[in-house]
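Values reported hereafter were calculated over all heavy atoms of this structure, with side chains retained and with hydrogens, waters and symmetry mates removed.
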Amino acid sequence: MINESINRVLNSGIEAQNSLNEALFYLEQSKDLGVMDLTGGKMLVSMAKFGSIDKANEHIDDFCRKTRKFAKELFSIRVPKNFRIEIDGFLRFTDIVLDQMISDGIVQKKIVDSLNVAKQLKPKIDELVETLKKYREGK
């Protein structure tokens, strides 16, 4: 019974961990594409950047759902509300179509802010998962 509970908690933690790792991948990709866009990228770079942002947001949403499940199982983990990259349609339009340095900079700051949140959350999730693994193994 105890092992079953530990396994359930551990599995939900690993699922959250995996979603966060995916989000980190796409946030890094978005950041790199954002730098390219700032240094003279064209419409295709902007479109690729927003594709990465959309993927990152999908994984961030998935991470938040899985973290809530993980928290419900064991802990109360607070995910900052500013984690998601919120970009309205107008900013997206100006960044892709008008390709202005100002809109590129605003989007890049939002990407970097979300990346920093993800990097702060990662060691916390990793530590919780490792603690559960050790507890399950009786160490």
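Side-chain contact between I60 and Y26 is absent, with no heavy atoms from C-beta onward closer than 4.5 Å. By the 4.5 Å heavy-atom criterion applied to side chains, L128 and K124 are not counted as neighbours. No side-chain heavy atom of Q29 sits less than 4.5 Å from a side-chain heavy atom of D32.
A salt bridge links D113 with K109: at least one charged nitrogen is closer than 4.0 Å to a carboxylate oxygen.
Take Q17 and apply the side-chain hydrogen bond (donor to acceptor under 3.5 Å, both in side chains) test, not counting sequence neighbours, and it matches D126. In this structure, S12 has no side-chain hydrogen bond (donor to acceptor under 3.5 Å, both in side chains) partners at least two apart in sequence or on a different chain.
The heavy-atom pair separating L121 from L20 by the smallest distance is C-CD2, 3.9 Å. Taking both residues in full, the closest heavy atoms of G105 and L38 are given as N-CD2, 3.7 Å, listed atom of the first, atom of the second, then distance.
Under the side-chain contact (heavy atoms from CB on, under 4.5 Å) test applied with F63, the options N18, N21, L24, I125 reduce to a single match, I125.
At distances below 3.5 Å, not a single donor-acceptor pair connects side-chain atoms of D62 with backbone N or O atoms of E58. Side-chain atoms of S30 come within 3.5 Å of backbone atoms of I53 as a donor-acceptor pair (strictly under, hydrogens ignored). Remark: the backbone N or O of I111 is not paired with any side-chain donor or acceptor of S114 at under 3.5 angstrom.
The CG atom of L115 lies 10.0 Å from the CD atom of Q120; values are rounded to the nearest 0.5 Å. Rounding to the nearest 0.5 Å places CG of D37 at 11.0 Å from CE of M43. Taking CG of L132 as the reference point, atom CD of E127 lies at 10.5 Å (rounded to 0.5 Å). Taking CG of L10 as the start and NZ of K134 as the end, the distance is 13.0 Å to the nearest 0.5 Å.
For the salt bridge (charged side-chain N to carboxylate O under 4.0 Å, His left out) condition, the pairs that include at least one residue of residues 15-24, sequence neighbours left out, are E15-K69.
The local environment of NZ in K122 is crowded, with over 12 non-hydrogen atoms from other residues, nucleotides or ligands closer than 6.0 Å.
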